[in-house]
**Q** 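So that we are looking at the same thing, I have put the structure below in structure tokens.
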Amino acid sequence: TAAQLAEQRGWQIYLVGGSVRDLLLIDRYQGATPTEELLFDDIDLVVDGFHQAADQAAGVELAKAIQNFFPNAKLQVHGRFQTAALLWHEDEALGSLWVDIATARTEFYPYPAANPEVEASSIRQDLYRRDFTINALAVRLTTPHQGELLDYFGGILDLRESLIRVLHANSFIEDPTRIYRAVRFAVRLGFQLEPQTESYIHHAIASGIYAHIQSEMEHTPALQTRLRRELKLVLEASYWYRALRVLARLKALVCLHPNLEMTPGLWRQMRRAHRTLKHFDKANSLEHWQVLLELLIASLEPAERGKVAEGLQLPAESIDRLSHLHTTEAAIAQTLPTCDRPSQIVDGLSPYDAETLVLVGCRSDRALRRQLWQYLLHWSQQRPPLDGNDLKQLGYRPGKDFKTILETLRNATLDGQIATVEEAKALLQR
Ligand code: ATP
């Protein structure tokens, strides 16, 4: 439908970006890589070939035409004319699907669209602005030449040779988040960074690219937003540890802060956090990637932590947690050694959220850590055999004493003095 509409107008539609790459990789990875990596839930289309300025809203018009056929799809329009997105959220037939329809990023050409040179040059320009050769491939969806694969920069050869290669020397200087993308794609697809591309990364980092990111934040948050997105994608992936190793080898963590580097101690903390989160957070209610990122930031001087978190636009509670981590750690290190009983530990730790305790636990010594994990895994979950409703049924009325009784029951349970309803009732009799 969209293709027919486009053809009537003399437009071209192309499938571009990650889905072309992944389609071409399907044979290679069938069964050999987690299917999550090749999901095709995110499709990028580019419309091109205009002969009137008004056609620059082509992406939006096409999106509307498609929506007529799929009323379940939600339409979003970004920018004035440029991009439209169609979203299917948990659709019965399609599952979750996101289709971005962009208008080719090119100047307006006052020539007839039939001129193939003009058409070719505008999609070529669009592809040239992309990050890596393997992400700069396009498939034409409209006639003539429907199904044609456009490969202006050697992407097919790089796919075959498993190489991540940028399109031009300044790529990483222009957009340092591409360093993170290069590593993410390399590790995820089992590709290598092409040697020249890796030398461009070294050059970008040696030239102080991180200072650019940090100063950019004062003017426009766009770069920081992209950096946070890439950090999230890396840290929530199953291959996060391997990717972080490559990023550390490239010294790419300076993009977050000039003093940030992976020491053996920090690696241990990261492994610990990963194990603990997997073990204790079965309900998956903590944002694991965010805790890992906070742990990286926590390795910086206390005065720097809040600033870096703020720069990356982490949520307010995350900024707050990192800004106060040094005082929290000092308070916990002072309180816990004075506690003899679990109930005292629960009293000491209950003011803090789980993320804080995971951070403190990963960074502290073994004795303190053992108490923190016991608290997170067992004591914080333990409930007395009688709760408030049971007490009401037994004839107790809510009030000050009621709270004291509940606390007594909780403490006795935590300290192993009672475990059953009978034992709880016997305690109440005393
Ligand atoms: P994934 O499967 O991880 O979503 P993807 O290739 O679809 O991979 P996206 O981040 O969705 O990645 O980006 C879509 C396309 O946009 C990319 O394939 C690439 O062509 C282009 N792109 C994205 N980010 C950049 C960037 N920072 N610089 C240049 N091009 C980019």
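Counting convention: from 1, in listed order, for ligands and their atoms alike.
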**Q** Which ligand 1 atoms are under 4.0 Å away from a heavy-atom of Arg188?
**A**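 Near Arg188, meaning under 4.0 Å from one of its heavy atoms, ligand 1 has 1 (P), 2 (O), 3 (O).
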**Q** In ligand 1, which numbered atoms sit nearer than 4.0 Å to a non-hydrogen atom of Asp175?
**A** 26 (C), 27 (N), 28 (N)
**Q** With backbone taken as N, CA, C and O and side chain as the heavy atoms from C-beta onward, which portion of Arg21 lies under 4.0 Å from ligand 1: side chain, backbone, both, or neither?
**A**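 Answer for Arg21: side chain.
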**Q** Please answer whether the main-chain N or O of His89 pairs with a side-chain N or O of Ser96 as donor and acceptor at a distance below 3.5 Å.
**A** no
**Q** Is any NZ, NE, NH1 or NH2 atom of the basic residue among Arg410 and Asp347 found under 4.0 Å from an Asp or Glu carboxylate oxygen of the other?
**A** yes
**Q** Which of the numbered atoms in ligand 1 are below 4.0 angstrom from a heavy atom of Asp42?
**A**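 Per the distance check, 11 (O).
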**Q** At less than 4.0 angstrom from any non-hydrogen atom of Arg229, what atoms of ligand 1 do you find?
**A** 10 (O)
**Q** Does Arg140 qualify as a cation-pi partner of Tyr14, given the criterion of NZ or CZ under 6.0 Å from the six-membered ring centre and within 45 degrees of its axis?
**A** no
**Q** Just jot down the ligand 1 atoms closer than 4.0 angstrom to any heavy atom of Arg184, in number order.
**A**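 Listed by number with element, the hits are 3 (O).
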**Q** Assess whether atom NE2 of His168 is packed by more than 12 heavy atoms of other residues, nucleotides or ligands within 6.0 Å.
**A**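 Yes, NE2 of His168 has more than 12 neighbouring heavy atoms, counting only those of other groups under 6.0 Å.
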**Q** Tell me whether Phe132 reaches ligand 1 (any heavy atom closer than 4.0 angstrom to a ligand atom).
**A**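 It does not, in that no heavy atom of Phe132 comes within the 4.0 Å cut-off of ligand 1.
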**Q** If you count the atoms of ligand 1 from 1 in the order shown, which ones are under 4.0 Å from a heavy atom of Gly18?
**A** 5 (P), 6 (O), 7 (O), 18 (O)
**Q** Would you call Arg178-Asp131 a salt bridge at under 4.0 Å N-O?
**A** no
**Q** Using a 6.0 Å distance limit plus a 45 degree cone around the ring axis, check whether Arg245 lies over the aromatic ring of Trp240.
**A** no
**Q** Run the numbers for me: atoms of ligand 1, each under 4.0 Å from some heavy atom of Arg181, listed by number.
**A** 9 (P), 10 (O), 12 (O), 13 (O), 17 (C), 22 (N), 23 (C), 24 (N), 25 (C), 27 (N)
**Q** Closest approach of Leu223 and Asp175, non-hydrogen atoms and distance?
**A** CD1-OD1, 3.8 Å
**Q** Return the minimal non-hydrogen interatomic distance between Arg130 and Val16, and the atom names on each side.
**A**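 So the minimum-distance heavy-atom pair works out to NH2-CG2, 3.8 Å.
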**Q** Which of the numbered atoms in ligand 1 are below 4.0 angstrom from a heavy atom of Gly17?
**A**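 This gives 18 (O) as the contact atoms.
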**Q** Is Asp44 in polar range of ligand 1, meaning some N or O pair under 3.5 Å apart?
**A** no
